[in-house]
Amino acid sequence: MASWLMKSEPEEFSIDDLKRVKREPWTGVRNYQARNFMRDDMKVGDTVLFYHSNCDEPGVVGLARVASKPYDDPTQFNPESHYYDPKSDPDNARWQMVDIAYKRRFKRTLSLQTLKANAGALGDFALTRRGNRLSVLPVSAEQLATILELEKQTD
DNA sequence: GCCAACGTTGGC
DNA sequence: GCCAACGTTGGC
């Protein structure tokens, strides 16, 4: 079973929003590499680290899981949507996504700062690689274990 | 196919 | 709000 990290701006959609709605279609990803992870590599049941970006304290704030197989992101066909993509052919859609289901919220944010401070234990981590802006990225089993251990320490 | 211009992400 | 580090677009 693989694990992933998925970023969301809490002002747009936070871990508390996910807790409330239980399950959410991960619409709006418009980066090919991030799409490929969802479309080609995610499996139902995979662990998701839910990450808050563009906020006071960026970091991992909880856990979710992949709750659906990949399917076409409906927002790409909706001219009213911020994520509308007029170049996407409905018969051969450009953007796929998965649903994410709430698992649990961390008591405290495991901050980006803490993750960077533990760069040694985390090894080569896509999140902290120089210049990385991917909103969906892979997490190794070792990295997941390290992060869950760090969560206990910061409780 | 090159590459300048432009748009976006996201930490700070 | 700034800006580095990207990714994308489109003229040629």
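Lettering follows sequence order; numbering is per chain, from 1.
Whole-Å rounding puts the A:H52 NE2 to B:dC12 P distance at 17 Å.
More than 12 non-hydrogen atoms from other residues, nucleotides or ligands lie less than 6.0 angstrom from CD of A:E9. When the shell of 6.0 Å around CG of A:D40 is examined, it contains more than 12 heavy atoms from other residues, nucleotides or ligands. No more than 12 heavy atoms of other residues, nucleotides or ligands shown are found within 6.0 angstrom of NZ on A:K19.
Donor-acceptor pairing under 3.5 Å is lacking for the side chains of A:S14 and A:R105. In this model, a donor atom of one side chain and an acceptor atom of the other lie less than 3.5 Å apart for A:D99 and A:Y71.
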Mind listing the N/O atom pairs, protein and nucleotides 2-7 of chain B, below 3.5 Å?
none

Please list, pair by pair, any protein nitrogen or oxygen found under 3.5 Å from a nitrogen or oxygen in nucleotides 8-10 of chain C.
residue : atom : partner : partner atom : Å
C:dG10  : OP2  : A:K87   : NZ           : 3.4

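In this structure, A:N31 CG and A:W95 CH2 are separated by 7.0 Å, a value rounded to the nearest 0.5 Å. Expressed to the nearest 0.5 Å, how far CD of A:E151 lies from OG1 of A:T109 amounts to 10.5 Å.
Paired with A:Y51 under the rule side-chain contact (heavy atoms from CB on, under 4.5 Å), one option of A:S135, A:P58, A:S8 passes, and it is A:P58.
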